[in-house]
There are 2 protein chains.
Amino acid sequence: MAAFTSKDVARLAGVSQSTVSYVMTGKRQISEPTRQRVLAAMKQLTYEPHAGARALAGRRTQVVGLVVPFDSMSEMTGLLPFIETIASSARANDYEVLLVTADEGSAGLRRLAGRALCDAIIMMDIQEQDERVQVAAALPIPVVLVGMPDDPAGLYCVDLDFDAAARIAVDELVDSGHDEAFIIGYPAAVTDRRLNFAGRFLRSVRRHAEMRGLPLTVLEPVALGRAGAAAAVEHVLAHRRPGRTGVVVPYNASIRPLLHALRARAVVPGRDLSLIGISTDHQAEDSEPPYTNISEEPRDVSRRAMKTLLWLLDPGPGVGHPPVDLVAPRLTRRGTVMPAPASAARPS
Amino acid sequence: MAAFTSKDVARLAGVSQSTVSYVMTGKRQISEPTRQRVLAAMKQLTYEPHAGARALAGRRTQVVGLVVPFDSMSEMTGLLPFIETIASSARANDYEVLLVTADEGSAGLRRLAGRALCDAIIMMDIQEQDERVQVAAALPIPVVLVGMPDDPAGLYCVDLDFDAAARIAVDELVDSGHDEAFIIGYPAAVTDRRLNFAGRFLRSVRRHAEMRGLPLTVLEPVALGRAGAAAAVEHVLAHRRPGRTGVVVPYNASIRPLLHALRARAVVPGRDLSLIGISTDHQAEDSEPPYTNISEEPRDVSRRAMKTLLWLLDPGPGVGHPPVDLVAPRLTRRGTVMPAPASAARPS
DNA sequence: TTGAAAGCGTTACCAG
DNA sequence: CTGGTAACGCTTTCAA
């Protein structure tokens, strides 16, 4: 293994060091014969350019920083598809990924930028009022947010369109003739931290339910796990009014325990009440029973975040980029929403 | 935000650049007054050392490379605790984490080392015969494997002790008077890739079952998901002999669907047959129903891998490090194993 | 189309 | 205990 430098390559190829550099970066026309000789030399020496030296001289690290939330329950929240997708798109564009945990707060951001550890940052797990956003906005490198703080401070944001998700859920229930809906809200861990998506969803679902005249009850906070789910189900069963009841579960990790609690009470979603979850399609499909879901799109969101970031790093000639990029969720029916009775309005 | 260099700090503190460097690294005695002045200057300028320059001059990146498997189903396999724990321990020791996906194969390793992107590598998802292991062994930087290939080629390995896990499972069943055991084996995705832990567990479980005279049937491959689990349950119910039947599910992601399949057939683990899963305690506790498990210890394994790696980077004075470090799993009873009948041998 | 050489911001050796 | 200075390996002007 190596320890060969571009100087070695240059010597072997009989060219100057700068020519080697230009062959690698393509920033200069190099005659085909020379190019080939250089490439051959590189191959022969299994040459790899020294990343540090490159970063120093070229002011480019070819690294993106990824700030992820590693709290106790991120395991349940489907963080992995985000990381995975960003890692892949990064590599596809010749970037490495440096992982930073959110618990470092602003210090992590300052380190990433100050030490020139990366060329740009993707930051997840944004709170409504996030001190890090101001810091991020002041950094000398671009930052893309996955999530929408109250004040993006000029930063580009990519996320699922939770507003649309709420609308879709309400429409689906109203259009299939439901008389009432319960929202199984977020756990304290989410509401306490005022994570941005919770507020966005709840505001929107309230607004649309009112617009469409759907009586709404929001249960919150709802504890994660068996006990919380059981309590939520109790509440719904005890307080539901006569007629067709819809239950919407916007928080991914709450869906499975809720399904268990329903089963334990012999309540069958799709027959005794309706259930819509917000989760990945995979999770909805793979669950027991599969449930009608509004898709979280972690892969799509990550891909777009990465795309935005690459554009920021190299704006190119085209028109600008939208500062807020919301991915539209899709509804997939899997039988846990009771169909409209014959006489009701037809589904959208 | 900065763009301040150590030269700026030196000027402001009225010392030479090298003194600033020595204050940071502590590789030289600096008088307390000078030290304080330098530290003050650094704070005032919010100075951060340029990582690339540092790597170039000091031949140390303070980065560890982490090679993770991001295949289709890693989401199910509990990869996140590994990543999370490694990220935290790395930070606690002033290292950054660079994420590389396993699908890059040896090329990823060569890049990491060749470009001096990191000082050491942790590699997960090791196959029995893994071409990357040879490559890793030849790298000029230390590599720690999470998993045990057939030939570690001199590399340090850290992993769960699957041999002990198998022994514990067999002992638990035998000691509680079981007459037979079924192993719900690994899915094709695992067996095809010849992932190391599968072979280790199966060999060991066979050996110990024989030693203790427990009739054993291994079902493999077992498809993931509903269908595969249902088929496995069918098979067990159709072929079990009279008496007490134990079922061992070594693969994490298979446990949940299996529990569903059992419930669908109205078979109650702990009453109609016994079930032991290998999974994190969290998963076992949180499942429906909770099941008796042998603990995977992702956090412990990761922590030890990181410790080994730090030791390799700075061997220190003490005695050597064991080349193979296996974390002992624990059995936690949660009622899915039928207790020994009064007349049987007492549990261990 | 190519070369020479001046940095980039640290570290660490050699002096004092 | 501290300062000066030569690397470290690459990029990028300036020249040809």
Side-chain angles (χ1 to χ4, degrees), chain A residues 1-39 41-42 45-63 94 111 113-119 140, chain B residues 1-39 41-42 45-63 94 96 111 113-117 119 140:
Chain A
M1 285 304 108
F4 283 118
T5 75
S6 68
K7 198 179 286 183
D8 298 314
V9 175
R11 182 166 8 195
L12 182 57
V15 299
S16 80
Q17 201 178 11
S18 59
T19 298
V20 174
S21 175
Y22 286 121
V23 165
M24 302 186 58
T25 63
K27 292 186 181 174
R28 199 191 237 185
Q29 280 292 0
I30 301 287
S31 73
E32 199 49 28
T34 327
R35 221 177 76 83
Q36 290 307 335
R37 257 185 307 135
V38 171
L39 290 174
M42 297 201 310
L45 300 182
T46 64
Y47 167 72
E48 296 272 3
H50 188 289
R54 218 171 209 198
L56 183 55
R59 306 87 224 302
R60 273 234 164 191
T61 61
Q62 294 296 114
V63 172
D94 261 297
R111 213 164 20 104
R115 304 199 164 181
L117 280 162
C118 60
D119 298 332
Chain B
M1 285 306 108
F4 283 118
T5 75
S6 67
K7 197 177 282 182
D8 298 314
V9 174
R11 183 168 9 204
L12 181 56
V15 298
S16 80
Q17 203 177 12
S18 60
T19 298
V20 174
S21 175
Y22 285 120
V23 166
M24 302 187 59
T25 62
K27 292 187 180 175
R28 203 190 235 188
Q29 279 294 358
I30 301 287
S31 73
E32 198 50 28
T34 328
R35 221 178 75 84
Q36 290 307 333
R37 257 185 307 135
V38 170
L39 289 175
M42 296 200 310
L45 301 181
T46 65
Y47 167 72
E48 297 272 2
H50 188 289
R54 225 173 203 197
L56 182 56
R59 299 106 211 301
R60 273 234 163 191
T61 61
Q62 293 296 114
V63 172
D94 262 297
E96 309 286 341
R111 220 183 47 246
R115 304 198 164 182
L117 281 162
D119 298 331

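Lettering of chains follows the sequences in order, A, B, ..., and the numbering in each one begins at 1. Because only heavy atoms are used, hydrogens play no part in the values below, and waters and symmetry mates are left out as well, while side chains stay in.
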**Q** In whole angstrom, what separates F4(A)'s CZ from dC8(D)'s P?
**A**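 In whole Å, dC8(D) P lies 15 Å from F4(A) CZ.
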**Q** Round to the nearest Å and state the distance from L45(A) atom CG to dC10(D) atom P.
**A**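 Distance, rounded to whole Å: 12 Å.
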**Q** In whole angstroms, how far is the P atom of dG9(C) from the CG atom of L117(A)?
**A**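 Spelled out: CG on L117(A) to P on dG9(C) is 15 Å.
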**Q** CD of E32(B): more than 12 outside heavy atoms within 6.0 angstrom?
**A**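 Enclosed.
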**Q** Between dT2(D) and T34(B), is there an OP1 or OP2 to side-chain N/O distance shorter than 4.0 Å?
**A**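 Answer yes for this pair, as a side-chain N or O of T34(B) is under 4.0 Å from OP1 or OP2.
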**Q** Between the side chains of S21(B) and S18(B), is a donor N or O closer than 3.5 angstrom to an acceptor N or O?
**A**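 Judged by distance alone, the side chains do not pair up.
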**Q** Nearest heavy-atom pair of A55(A) and G52(B): which atoms, and what distance?
**A**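 Looking at all heavy atoms of both residues, the shortest contact is CB-CA, 4.5 Å.
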**Q** Looking only at heavy atoms, what is the nearest atom pair of T5(B) and Y47(B), with distance?
**A**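 Distance-wise, the nearest heavy atoms are C-CE1, 3.5 Å.
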**Q** Does S6(A) make a side-chain N or O approach to OP1 or OP2 of dG9(D) shorter than 4.0 Å?
**A**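 For S6(A), the contact criterion (side-chain N or O under 4.0 Å from OP1 or OP2 of dG9(D)) is not met.
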**Q** To the nearest 0.5 Å, how far apart are CD in E96(B) and OG1 in T61(B)?
**A**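 Those atoms lie 9.5 Å apart.
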**Q** Below 4.0 angstrom from OP1 or OP2 of dT2(D), is there any side-chain N or O of S31(B)?
**A**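 Yes, such a contact exists.
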**Q** Whether K27(A) contacts dT12(D) is assessed here as follows: a side-chain N or O lying under 4.0 Å from the phosphate OP1 or OP2. Is that the case?
**A**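 The answer is yes; a side-chain N or O of K27(A) sits under 4.0 Å from OP1 or OP2.
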**Q** Tell me what S21(A) touches on the nucleic acid: a base, only sugar-phosphate, or nothing, going by heavy atoms under 4.0 Å.
**A**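 Base contact.
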**Q** Evaluate the side-chain proximity of R115(B) to Q62(A): yes if any heavy-atom separation is below 4.5 Å, no if none is.
**A**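 Side chain of Q62(A) against side chain of R115(B), heavy atoms only: no contact under 4.5 Å found.
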**Q** With the side chain counted from C-beta on, respond yes when D8(B) and R11(B) share a heavy-atom pair under 4.5 Å apart, and no when they do not.
**A**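 Contact flag for D8(B)/R11(B) side chains = yes.
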**Q** Identify the pairs formed between an N or O of the protein and an N or O of nucleotides 14-16 of chain C at a distance under 3.5 Å, and give each distance.
**A**
unit_1	atom_1	unit_2	atom_2	d
dC14(C)	N4	R28(B)	NH2	3.0

**Q** In whole angstroms, how far is the P atom of dG9(D) from the CE atom of M42(A)?
**A**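 Going from M42(A) (CE) to dG9(D) (P), I get 17 Å.
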**Q** How close do L45(A) and F4(A) get, counting heavy atoms only, and between which atoms?
**A**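 Shortest heavy-atom separation between L45(A) and F4(A) comes out as O-CD1, 3.3 Å.
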**Q** Under 4.0 Å from any atom of DNA chain D, heavy atoms only: list the residues of residues 50-60 of chain B that qualify, in numerical order.
**A**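 Within this stretch, L56(B), A57(B), R59(B) sit under 4.0 Å of the strand.
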**Q** Starting at CZ of R35(A) and ending at C1' of dT1(C), how long is that distance when rounded to a whole Å?
**A**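 So the two atoms are 14 Å apart, to the nearest Å.
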**Q** Under a 4.0 Å heavy-atom cut-off, which of residues 9-20 of chain B touch DNA chain C?
**A**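 The answer is Q17(B), S18(B).
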**Q** Provide, to the nearest angstrom, the distance between the NZ atom belonging to K7(A) and the P atom belonging to dC10(D).
**A**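 Atom NZ in K7(A) sits about 10 Å away from atom P in dC10(D).
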**Q** What integer distance in Å separates Q36(A):CD from dT1(C):P?
**A**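 Value for this atom pair: 15 Å.
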**Q** Would you name the heavy atoms of S6(B) and Q17(B) that are closest together and state the gap between them?
**A**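 Closest heavy-atom pair between S6(B) and Q17(B): OG-NE2, 2.9 Å.
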**Q** Can you check the M24(B) CE to dT10(C) P distance for me, whole Å?
**A**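 My rounded result for the distance is 8 Å.
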**Q** CG of L39(B) to CE of M24(B): how many Å apart, nearest 0.5 Å?
**A**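 Between atom CG of L39(B) and atom CE of M24(B) there are 9.5 Å.
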**Q** Does R37(A) reach the side chain of T34(A), with side-chain heavy atoms less than 4.5 Å apart?
**A**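 Yes. Closest side-chain heavy atoms under 4.5 Å.
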**Q** Rounded at 0.5 Å granularity, tell me how far NE2 in H50(B) sits from CG in L117(A).
**A**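 CG of L117(A) is found 9.0 Å from NE2 of H50(B).
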